[in-house]
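So the structure is just underneath, and the comments pick up after that.
We number each residue from 1, following the sequence as shown.
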Amino acid sequence: MSLKGRDIVSIRDLSREEIDEILAAARRMIPYAEGTRSSGSLSGRIVVLAFFEPSTRTRLSFDAAAQRLGGRSLTIADASESSLRKGESLNDTIRMLAHYGDAIVLRHPNEGAARLAAMVSDRPVLNAGDGAGQHPTQTLVDLATIRESFGTLAGLRIVLLGDLRHGRTVHSLARALAIYGSAIRTVSPPGLSLPPEVAEQVVELGGEIQEEASLAKAVRDADVLYVTRLQKERFLDPAEYAQVAGSYRVDAAALQGARDRLVVMHPLPRTGEIAPELDATPRAAYFRQAFLAVPVRMALLGLVLNGKVP
Ligand code: NCD
């Protein structure tokens with residue numbers, strides 16, 4: 001089935017074949033993302049970037065992707081500058097935005113907002129993060145990074161570390177990894193483990209998942225350590241956040257027992273959970289991951305708007 005006109009709300013909206021197709025297209029888009037090749041394939045197209053929560057990488061990489069392919073963007077970068085603040089419903093906002101552009105990229109603090117938007121909009125909606133729900137386009141970036149590092153997505157051992165309860169990137173990533181038959185280990189502070197429904201889906205999809213108390217033990221035979229920050233803004237009780245703040249940090253010592261091939265990933269922004277001493281080591285994949293956001297989002301926009309990439 002073509003991806004043209006499709007909504008991407010959950011990573012489960014995509015089959016393994018479709019994910020493979022997007023990743024293959026993303027690889028071809030790398031020179032365009034670097035600016036060494038150019039294309040006007042999105043010329044005349046407008047992508048609406050509707051961001052009702054803070055974002056740097058996601059919004060700007062979508063914007064760069066659209067512009068490098070000759071498209072344009074309209075941006076809401078701050079909920080306080082839009083009419084939602086005046087009490088407009090999301091429903092009305094989306095209906096209107098669907099008349100102003102050819103696709104809507106939505107980030108919203110409420111879980112389920114992107115699904116609602118997709119129901120209302122007759123233009124494709126791409127979920128750029130819905131509260132503590134999902135973040136499927138980040139997952140495609142993550143998968144592209146893993147594939148570039150190892151040449152495959154199948155049969156890898158991946159450790160997910162951090163605030164797995166509120167972190168939407170890991171909610172999408174765990175499901176996707178399961179489709180490729182990965183063995184997932186989770187390590188998280190007390191009370192912040194992966195929601196049971198996500199863990200259950202991983203097993204249903206053919207993945208293997210196991211909670212691990214010790215990071216040192218979890219990384220010993222791992223290929224990827226995927227680190228996330230505490231999602232401070234999602235804690236309802238500041239005292240609960242204070243209890244876990246600073247409770248994990250990955251540095252060279254923490255990775256001493258790991259295999260040479262282990263890479264460290266992070267969707268960014270980091271807030272102290274990865275020591276800068278790792279930045280210059282071959283293990284650090286997080287800045288490459290941030291770059292790959294551009295070719296992956298070029299591939300997504302090309303496939304969703306045109307059914308193809310240059
Ligand atoms: C993530 C997000 O917004 O969920 N950031 C991103 O899109 N790269 C991760 C985070 O904010 O911790």
Side-chain angles (χ1 to χ4, degrees), residues 1-50 57-75 94 97-107 114 117-118 121-128 134-148 151-154 172-173 175-176 179-180 288-310:
M1 199 159 76
S2 163
L3 287 162
K4 191 169 176 183
R6 287 265 292 278
D7 301 307
I8 299 177
V9 171
S10 159
I11 196 71
R12 299 290 299 120
D13 294 342
L14 299 169
S15 66
R16 178 170 170 164
E17 290 68 32
E18 286 166 342
I19 294 175
D20 286 337
E21 182 190 350
I22 295 166
L23 297 182
R27 273 201 301 279
R28 294 201 301 279
M29 296 318 295
I30 287 176
Y32 297 86
E34 286 169 338
T36 54
R37 294 190 75 164
S38 64
S39 156
S41 55
L42 291 185
S43 148
R45 303 305 197 116
I46 294 178
V47 179
V48 181
L49 305 172
R57 267 153 297 269
T58 305
R59 182 167 60 78
L60 293 183
S61 61
F62 263 114
D63 209 345
Q67 295 199 40
R68 285 225 194 252
L69 295 178
R72 295 183 196 213
S73 59
L74 295 179
T75 302
I94 295 296
L97 294 178
H99 293 304
Y100 293 170
D102 301 293
I104 300 174
V105 180
L106 177 70
R107 170 167 290 188
S121 169
D122 51 10
R123 302 288 187 169
V125 171
L126 307 183
N127 181 7
Q134 294 215 36
H135 196 348
T137 74
Q138 177 66 44
T139 288
L140 294 165
V141 174
D142 300 340
L143 296 176
T145 310
I146 297 172
R147 171 161 284 171
E148 193 176 75
T152 178
L153 288 169
S172 294
L173 180 60
R175 291 174 166 102
I179 302 176
Y180 289 91
R288 181 69 183 166
Q289 188 181 356
F291 162 71
L292 288 173
V294 180
V296 167
R297 288 176 172 133
M298 283 177 158
L300 272 172
L301 292 176
L303 290 168
V304 166
L305 289 172
N306 291 338
K308 60 179 196 291
V309 293

Nearest atoms (heavy-atom pairs only) where Ile94 meets Ser121: CG2-CB, 3.7 Å

Grab the two heavy atoms, one from Ala26 and one from Ala299, that are nearest each other, plus how far apart they are. N-CB, 3.6 Å

With side-chain contact (heavy atoms from CB on, under 4.5 Å) as the criterion, how do Leu292 and Arg147 come out once you've worked through the C-alpha distance, each side chain's angles and the decisive distance to 0.1 Å? CA-CA 11 Å; Leu292 288 173; Arg147 171 161 284 171; over 6 Å; no

So, the side chain of Ser172 versus the backbone of His135: is there a donor-acceptor pair under 3.5 Å, distance only? yes

Give, for atom CG of Asn127 and atom CD1 of Ile104, the distance between the pair rounded to the nearest 0.5 Å. 12.5 Å

State which residues pass side chain to side chain donor-acceptor pair (under 3.5 Å) with Arg27; sequence neighbours excluded, sorted by chain then number. none

If you look at every heavy atom in Asp7 and Pro124, which pair is closest and at what distance? OD1-CA, 3.4 Å

Could you list the residues that satisfy side chain to side chain donor-acceptor pair (under 3.5 Å) with Tyr32, not counting sequence neighbours? none

Closest heavy-atom contact between Gln134 and Ser10? NE2-OG, 3.2 Å

Okay, side chain of Thr36, backbone of Pro31: is any donor-acceptor separation there less than 3.5 Å? yes

Hey, mind stepping through Leu126 and Leu301 against side-chain contact (heavy atoms from CB on, under 4.5 Å) and telling me if it holds? CA-CA 9 Å; Leu126 307 183; Leu301 292 176; 4.0 Å; yes

Compare all side-chain heavy atoms of Leu23 with those of Glu148 and state whether any distance is below 4.5 angstrom. no

Counterpart residues, side chain to side chain donor-acceptor pair (under 3.5 Å), relative to Asp63 (two or more places apart): Gln67, Ser73

How about Leu300 and Leu3: do any of their side-chain heavy atoms sit closer than 4.5 Å? no

Can you name the residues that form a side chain to side chain donor-acceptor pair (under 3.5 Å) with Arg175, not counting sequence neighbours? Gln201

Roughly how far apart are Thr139 OG1 and Leu14 CG, rounded to 0.5 Å? 10.0 Å

Give, for atom CZ of Arg297 and atom OG1 of Thr137, the distance between the pair rounded to the nearest 0.5 Å. 3.5 Å

Non-hydrogen atoms of Tyr180 and Ile19 that approach each other most closely: OH-CG2, 3.3 Å

Only counting residues at least two apart or in another chain, list the ones meeting salt bridge (Lys or Arg N to Asp or Glu O under 4.0 Å) with Arg68. none

Apply side chain to side chain donor-acceptor pair (under 3.5 Å) to residues Arg107 and Thr58 and explain how you reach the verdict. CA-CA 9 Å; Arg107 170 167 290 188; Thr58 305; 3.2 Å; yes

Interatomic distance, Asp102 atom CG to Arg72 atom CZ [nearest 0.5 angstrom]: 12.0 Å

Heavy-atom neighbours of Arg37 CZ exceed 12 at 6.0 Å: no

Determine all donor-acceptor pairs shorter than 3.5 Å in which one atom belongs to a side chain in residues 302-310; sequence neighbours excluded.
from	atom 1	to	atom 2	distance (Å)
Asn306	OD1	Arg45	NH2	3.1
Asn306	ND2	Ser41	O	2.9

Distance-minimising heavy-atom pair for Val294 and Ala65: O-CB, 3.8 Å

Gap separating the CD atom of Glu17 from the CD1 atom of Ile22, nearest 0.5 angstrom: 11.5 Å

